[in-house]
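Here's the structure we're looking at; comments come further down.
Keep in mind that what you see is a predicted model, and the values were worked out from it rather than measured. Basis for what follows: all heavy atoms, side chains included, without hydrogens, waters or symmetry-related copies.
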Amino acid sequence: MYSFEVTGGKKLKGEIVPQGAKNEALQIISAVLLTPEKIRVSNIPDILDVNLLIELLGEMGVKIDRQARDTCVFQADDVNIDFLHSETYRKKSGRLRGSVMVAGPMLARFKKAYIPKPGGDKIGRRRLDTHIVGFEKLGVEFTYDTKDSFFHLDGSRLKGSYMLLDEPSVTGTANIVMAAVMAEGTTTIYNAACEPYIQQLCRMLIRMGAKIRGTGSNLLTIEGVRYLAGTEHRMLPDMIETGSFIGLAAMTQSEITIKNVGLDHIGVIPHKFSQLGIQMDFVGDDIHIPEQEIYEIQTFLDGSVLTIYDHPWPGLTPDLLSIMLVVATQARGSVLIHQKMFESRLFFVDKLIDMGARIILCDPHRAAVIGLAREQQLRGITMSSPDIRAGVSLLIAALSAEGRSTIQNIDQIDRGYQYIDERLKKLGAEIKRV
């Protein structure tokens, strides 16, 4: 297990480019199973979760030509379906929440799939209900085997239907869309997720020959086709990285330019950081954050304390709430952070309190942050990263803190952020992987 040793309190300066979008990559790379033809994917993030999925596809028999670390050509013309029911697949896919995304394309093309119990972050319950109920609406029969801990899915009677999702799950919507594109007849998905990742997936499937209407809305209509062809696809920049770097600049009082962020696709993220008082300049497709000594949290119009909460797109992604909470600790003013989606994602605040932050954890979903306005610097401590986003939040806190911090369990950070230590060093950060 590696750790990061961080010496904080240093101002950073320079330019940084966000990696390809992790959440998009897991969907797009799973979708290569829908065709026997070649699919070329670029701007792939070189991170643990994505590399695990690529490795998993390779073991399933997918031909993979990794032309560069960020570019792969996939060809799924000889897939070993039985591998999906092996102990090797169960162990590997159990480490990766994104492996559930393989089920949709497998049902569409091969009419059967297996889903192990989900792995990934320890941030609360991650239900598979939306996936399973959606598949059932398409005529899939499933059973759960307590002996092998697999859901067994039979898609031999895959047929389009109308469905109203009980939650606009991003992975659930993507999985159902991938199953529906080759189902017989028409599928209508209401209350579908409409995040940019889903829009990207739909556009790629349309280029492959799928018939999808409503891209970008919460009502998708899909007419099943018999065959999908190869294509090329480029990932969007990762909006979570962009938000992380905005927070990093503010916390460390640094002047940083984030290049090529895909401003048209990041929604309310800049607005939410501006509510925390962070100044930003938008130049073309770049975000420039000037050095800023103090940033002040806004209040609501009646003077009451600001609340920032997650919400399905076009609302704020839950993946940035941990970052915003950390940033608020050094602002002037107070804010209530309300994490609606995951009931354990705020449990890392005890580490911030140990560093000197003033935070009241109201319950598993809400934390009140009283900004210190830099009256006292956070102090370096030894801590452990519980999940991807909390890990980077603690890293940002450590970079702004006085003295040395040690962050353990950084595999969690590596799951979502590529070469993060090397990239931060180029901005002047003092960080060492040990």
Show the nearest heavy-atom pair for residues Leu201 and Ala31, with the distance to one decimal.
CD1-CB, 4.0 Å

Would you tell me whether Asn51 and Arg66 have side-chain atoms, one donor and one acceptor, within less than 3.5 Å of each other?
yes

Gly315 and Val268 have their tightest heavy-atom pair at C-CG2, 4.0 Å

Is it true that His131 and Thr171 share a donor-acceptor pair across their side chains at a distance under 3.5 Å?
yes

Quick one: does any side-chain atom of Asp166 pair with a main-chain N or O of Thr130 as donor and acceptor, under 3.5 Å?
no

Quick one: does Met239's side chain get under 4.5 Å of Asp319's, heavy atoms only?
no

Flag for Arg40-Gln67: side-chain donor and acceptor within less than 3.5 Å
yes

Tell me if a side-chain donor or acceptor on Thr406 pairs with a main-chain N or O of Thr382 at a distance below 3.5 Å.
no

Test item: Asp46 side-chain N/O and Asp70 main-chain N/O as donor-acceptor pair under 3.5 Å
no

Those residues that, when tested against Thr88, pass side chain to side chain donor-acceptor pair (under 3.5 Å) (two or more places apart)
none

Taking the side chain from Gln339 and the backbone from Leu346, do they hold a donor-acceptor pair closer than 3.5 Å?
no

For the pair Asp310 (side chain) and Lys340 (backbone), establish whether a donor and an acceptor sit closer than 3.5 Å, ignoring hydrogens and angles.
yes

Taking Arg379 for the side chain and Asp354 for the main chain, is one N or O donor matched with an acceptor at less than 3.5 Å?
yes

OG on Ser405 to CE on Met355, rounded to 0.5 Å
4.5 Å

Is Val326 close to Ile323 at the side-chain level, that is, under 4.5 Å between some pair of heavy atoms?
no

Does Ile176 reach the side chain of Ile189, with side-chain heavy atoms less than 4.5 Å apart?
yes

Decide whether His265 and Gln200 meet the rule of one side-chain donor and one side-chain acceptor closer than 3.5 Å.
no

Minimum heavy-atom separation for Ile266 and Val261, please, with both atom names.
CG2-O, 3.8 Å

Verdict with supporting geometry, Met106 and Met60, side-chain contact (heavy atoms from CB on, under 4.5 Å)
CA-CA 11 Å; Met106 290 299 296; Met60 289 170 60; 3.9 Å; yes

Check whether Gln377 reaches the backbone of Ser400 with its side chain - one donor and one acceptor, N or O, closer than 3.5 Å.
yes

What I'd like to find out is whether the side chain of Lys38 reaches to under 4.5 Å of the side chain of Phe74, using heavy atoms alone.
no

With a 4.5 Å limit on heavy-atom distance, are the side chains of Arg433 and Ile410 in contact?
yes

Could you measure the distance from the CD1 atom of Ile256 to the NZ atom of Lys13? Nearest 0.5 Å is fine.
10.0 Å

Under 3.5 Å, is there a donor-acceptor pair between the side chain of Gln75 and the main chain of Glu37?
no

Distance check, rounded to the nearest 0.5 Å: Lys22 atom NZ versus Ile44 atom CD1?
14.5 Å

Worked check of ring pair (Phe, Tyr, Trp, His ring centres under 6.0 Å) between Tyr114 and His152
CA-CA 5 Å; Tyr114 305 93; His152 295 234; 5.3 Å; yes

Report the relative orientation of the aromatic rings in Phe142 and Phe151; use parallel for angles under 30°, tilted for 30 to 60°, perpendicular for over 60°.
tilted

Close side-chain approach of Asp78 to Lys63, heavy-atom, < 4.5 Å
yes

Atom OH of Tyr419: over 12 foreign heavy atoms under 6.0 Å:
yes

Evaluate the criterion side-chain contact (heavy atoms from CB on, under 4.5 Å) for residue pair Met251 and Leu378; output intermediate values, then yes/no.
CA-CA 10 Å; Met251 279 288 281; Leu378 298 178; 4.1 Å; yes

Is the backbone N or O of Gly391 less than 3.5 Å from a side-chain atom of Gln412, with the two atoms forming a donor-acceptor pair by type?
no

Any donor-acceptor N or O pair under 3.5 Å, side chains His233, Arg207:
yes

Counting only heavy atoms not in Lys91, do more than 12 fall under 6.0 Å of its NZ?
no

Hey, what do you get for CD (Glu167) to CE (Met341), rounding to the nearest 0.5 Å?
7.5 Å

Does the pair Thr35 and Met208 meet the rule for a side-chain contact (heavy atoms from CB on, under 4.5 Å), with working shown?
CA-CA 9 Å; Thr35 177; Met208 292 169 70; 3.6 Å; yes

What closest approach, in Å, do Ala331 and Ile297 show between heavy atoms, and which atom pair accounts for it?
CB-CG1, 3.6 Å

Less than 3.5 Å apart, any donor N or O on the side chain of Arg389 or Tyr417 sitting next to an acceptor on the other?
yes

Derivation and outcome, side-chain contact (heavy atoms from CB on, under 4.5 Å), residues Val177 and Leu205
CA-CA 9 Å; Val177 166; Leu205 294 173; 3.7 Å; yes

Which value, rounded to the nearest 0.5 Å, describes the distance between Met383 atom CE and Phe348 atom CZ?
10.5 Å

Does OH in Tyr309 sit with more than 12 non-hydrogen atoms of other residues, nucleotides or ligands closer than 6.0 Å?
no

Please check this pair: side chain of Arg423 against backbone of Gln418, looking for a donor-acceptor N/O pair closer than 3.5 Å.
yes

Between Lys11 and the options Glu255, Glu291, Glu293, Glu430, the salt bridge (Lys or Arg N to Asp or Glu O under 4.0 Å) test singles out Glu291

Are more than 12 heavy atoms, taken from residues, nucleotides or ligands other than Arg374, located less than 6.0 Å from that residue's CZ atom?
yes

At what distance, to the nearest 0.5 angstrom, does CG of Asn409 lie from OG of Ser384?
4.5 Å

CD/Gln199: more than 12 non-hydrogen atoms of other groups inside 6.0 Å
yes

Gly104 and Asn175: which non-hydrogen atoms are nearest, and at how many Å?
N-OD1, 2.8 Å

Using every non-hydrogen atom in the two residues, find where Leu228 and Pro36 come nearest and quote the distance to one decimal.
O-CD, 4.3 Å

Side-chain contact, heavy-atom cut-off 4.5 Å: Ile246 with Ile258?
yes

Heavy-atom distance under 4.5 Å between the side chains of Ile269 and Leu320, does that happen here?
yes

